[in-house]
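Supplied in structure tokens, the structure appears directly below.
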Amino acid sequence: MTVDFTDSLGLQELSDRIGSIFSDADISFFDLVMNALKGENGLSLKWIWDSIRQAFAAEAAEYKLIFASILILGIFSAVFAQFGQLFESRQVADISYDIVFLLMAMLLLKIMQQGMDITRESLVAIADFSKLLVPTYCLSVGFAAGHATAIAFYELALIVIYLVENLLLIAVVPMIYVYTLLSVMGGISSDTRMEGILSFTKKGIGFVLKCCVTVISGIGLLQGMITPVIDSVSTGALQKLVSVIPGIGGFVDTASDVVYGSAILVKNAVGVAGILILLFLCAMPLFKLFLLALSLKAAAAISGVVADVRMSRCVEQVSEGSVLLLKTMTCAMGLFIVTIAVIAVTTNRGF
């Protein structure tokens with residue numbers, strides 16, 4: 001029965017399409033579904049650990065260079081800031097400090113541009129993967145719970161894709177870049193006149209991310225409280241009506257339980273495989289963004305001791321932008337996972 005459902009959903013064709021788009025992903029969606037049907041997760045802990053170790057070894061050198069470059073420029077800024085106090089004319093020291101600050105600004109903007117490129121590519125990949133998976137998954141929901149539930153959750157999935165493509169990709173990521181530019185501009189002057197707008201921008205981005213998760217969770221839970229019950233009542237009434245027919249009632253009742261149980265098993269297996277594929281696709285970008293944020297945070301902490309106060313404050317504020325990129329990426333992945341989890345839990349029909 002489960003094999004019939006997997007054939008009807010065209011999982012092998014979906015797996016081939018996912019593999020053709022994400023050619024770097026050395027993992028099969030169809031194999032993950034089959035493993036989930038057997039009660040296996042398809043990903044060994046040893047394989048996960050080896051992947052993390054190899055990724056860290058490949059990326060650590062680049063972020064060590066970023067960390068060292070920021071510290072060296074910070075030390076030079078402190079030297080030139082103190083050097084100017086030894087002479088009556090501070091022009092040479094001020095010009096030298098400005099040159100060092102420009103180098104630091106160029107370095108920070110280049111680093112953040114790399115982080116935003118990683119985030120954009122990952123958000124596009126999440127949206128493309130969702131567009132591939134959602135029709136198949138909602139079709140499996142229709143087999144398991146009914147057409148009304150499938151249509152309702154299909155609309156929810158489209159909202160998630162819309163938020164990722166338009167709100168996060170087109171609005172939030174550019175706002176993070178604006179925040180980075182404002183942070184660099186604020187580091188030019190010794191006063192704190194930019195603190196207010198920086199704080200407002202940061203809180204606004206965080207508020208948008210929290211609203212996305214809250215809205216999707218709320219809509220999913222509300223739909224899960226209503227639409228599955230509607231389908232369950234209609235199919236349950238028909239099942240009970242047929243079950244009272246003498247001779248075939250018991251057979252029909254048992255057969256329907258087997259059919260619905262198999263459909264729910266396939267639905268949950270497709271959902272688990274989709275989440276695993278998404279985690280696999282997002283693992284490396286999240287890891288890179290984490291290392292980026294960690295490097296900038298560590299450099300900001302140490303430069304507060306060895307660098308000029310304006311320079312260290314600029315690095316600290318830019319490091320907050322890298323944390324916002326990491327939160328944006330996590331939010332996009334979380335929206336998809338929450339949606340799949342809500343659909344899976346609310347459409348199990350008591351199994």
Donor-acceptor contacts, no H, no angles, side chain residues 210-220, under 3.5 Å, sequence neighbours left out:
| residue | atom | partner | partner atom | Å |
| --- | --- | --- | --- | --- |
| Thr214 | OG1 | Lys210 | O | 2.8 |
| Ser217 | OG | Val213 | O | 2.8 |

Is any side-chain heavy atom of Leu109 closer than 4.5 Å to a side-chain heavy atom of Val318?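 They are not in contact (no side-chain heavy atoms under 4.5 Å apart), so the answer is no.
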Hydrophobic clusters here meaning ILVMFWY residues chained together by side-chain heavy-atom distances under 4.5 Å, can you tell me if Val178 and Met106 are in one?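 Not linked; separate clusters.
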Test of understanding: with salt bridge (Lys or Arg N to Asp or Glu O under 4.0 Å), list the residues that count as partners of Lys327, not counting sequence neighbours.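 Lys327: no salt bridge (Lys or Arg N to Asp or Glu O under 4.0 Å) contacts found.
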Keeping Ser199 on the side-chain end and Gly196 on the backbone end, is there a donor-acceptor pair under 3.5 Å?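 Answer holds: no.
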How would you list, by chain and number, every residue that makes a side-chain contact (heavy atoms from CB on, under 4.5 Å) with Ile72, sequence neighbours excluded?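 side-chain contact (heavy atoms from CB on, under 4.5 Å) list for Ile72, sorted by chain: Phe76.
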Would a 4.5 Å heavy-atom cut-off, applied to side chains only, mark Leu281 and Ile126 as touching?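 Answer no - side chains too far apart.
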So, using salt bridge (Lys or Arg N to Asp or Glu O under 4.0 Å) as the criterion, who are the partners of Glu320 when residues are at least two apart?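 By the salt bridge (Lys or Arg N to Asp or Glu O under 4.0 Å) rule, Glu320 matches Lys202, Lys297.
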Can you find a heavy atom in the side chain of Leu132 that is under 4.5 Å from one in the side chain of Asp128?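 The answer is no, as the side chains (C-beta and beyond) never meet within the 4.5 Å cut-off.
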Student check: side-chain heavy atoms of Val184 and Met104 closer than 4.5 Å: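 SC-SC contact between Val184 and Met104 ruled out.
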Are Phe200 and Val172 connected in a single hydrophobic cluster, I mean Ile/Leu/Val/Met/Phe/Trp/Tyr linked by side-chain heavy atoms less than 4.5 Å apart?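 No; Phe200 is not reachable from Val172 via cluster members.
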Applying ring-ring contact (aromatic ring centres under 6.0 Å, His included), which residue pairs with at least one partner in residues 312-342 are found, sequence neighbours left out?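 Every ring-ring contact (aromatic ring centres under 6.0 Å, His included) pair that includes a residue of residues 312-342, provided the two are not neighbours, is Phe129-Phe336.
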So, using ring-ring contact (aromatic ring centres under 6.0 Å, His included) as the criterion, who are the partners of Tyr137 when residues are at least two apart?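 Scan of Tyr137 (ring-ring contact (aromatic ring centres under 6.0 Å, His included), adjacent residues dropped) gives none.
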Phe67, CZ atom: more than 12 neighbouring heavy atoms under 6.0 Å: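 Enclosed: over 12 neighbouring heavy atoms sit under 6.0 Å from CZ of Phe67.
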Glu121: which residues meet the side-chain hydrogen bond (donor to acceptor under 3.5 Å, both in side chains) condition with it, sequence neighbours left out?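 Result, side-chain hydrogen bond (donor to acceptor under 3.5 Å, both in side chains) vs Glu121: none returned.
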Do Val164 and Ser130 come within less than 4.5 Å of each other through their side chains, counting heavy atoms only?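 Of all side-chain heavy-atom pairs linking Ser130 with Val164, none is under 4.5 Å.
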Can you list everything that forms a side-chain contact (heavy atoms from CB on, under 4.5 Å) with Met333? Sequence neighbours excluded, please.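 Scan of Met333 (side-chain contact (heavy atoms from CB on, under 4.5 Å), adjacent residues dropped) gives Leu278, Leu279, Cys282, Leu286, Ile337.
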Considering only heavy atoms from C-beta outward, does the side chain of Met329 approach that of Ile118 to under 4.5 Å?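 Side chain of Met329 against side chain of Ile118, heavy atoms only: no contact under 4.5 Å found.
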With sequence neighbours excluded, residues passing side-chain contact (heavy atoms from CB on, under 4.5 Å) with Tyr177: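 With neighbours one apart ignored, the set is Gln113, Met116, Leu181.
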Using the side-chain contact (heavy atoms from CB on, under 4.5 Å) criterion, which residues pair with Leu107? Sequence neighbours excluded.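 Ser69, Ile70, Leu73, Ile111.
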Side chains of Leu108 and Leu296: closer than 4.5 Å at any heavy-atom pair?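 Yes; the side chains approach each other to less than 4.5 Å.
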Hey, is CG on Leu102 packed in by over 12 heavy atoms from elsewhere, all under 6.0 Å?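 Counting neighbours around CG of Leu102, more than 12 heavy atoms of other residues, nucleotides or ligands fall under 6.0 Å, so yes.
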Could you pull out the closest heavy-atom pair between Ser303 and Leu71, with the gap in Å?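 Of all heavy-atom pairs spanning Ser303 and Leu71, the closest is N-CD2, 4.0 Å.
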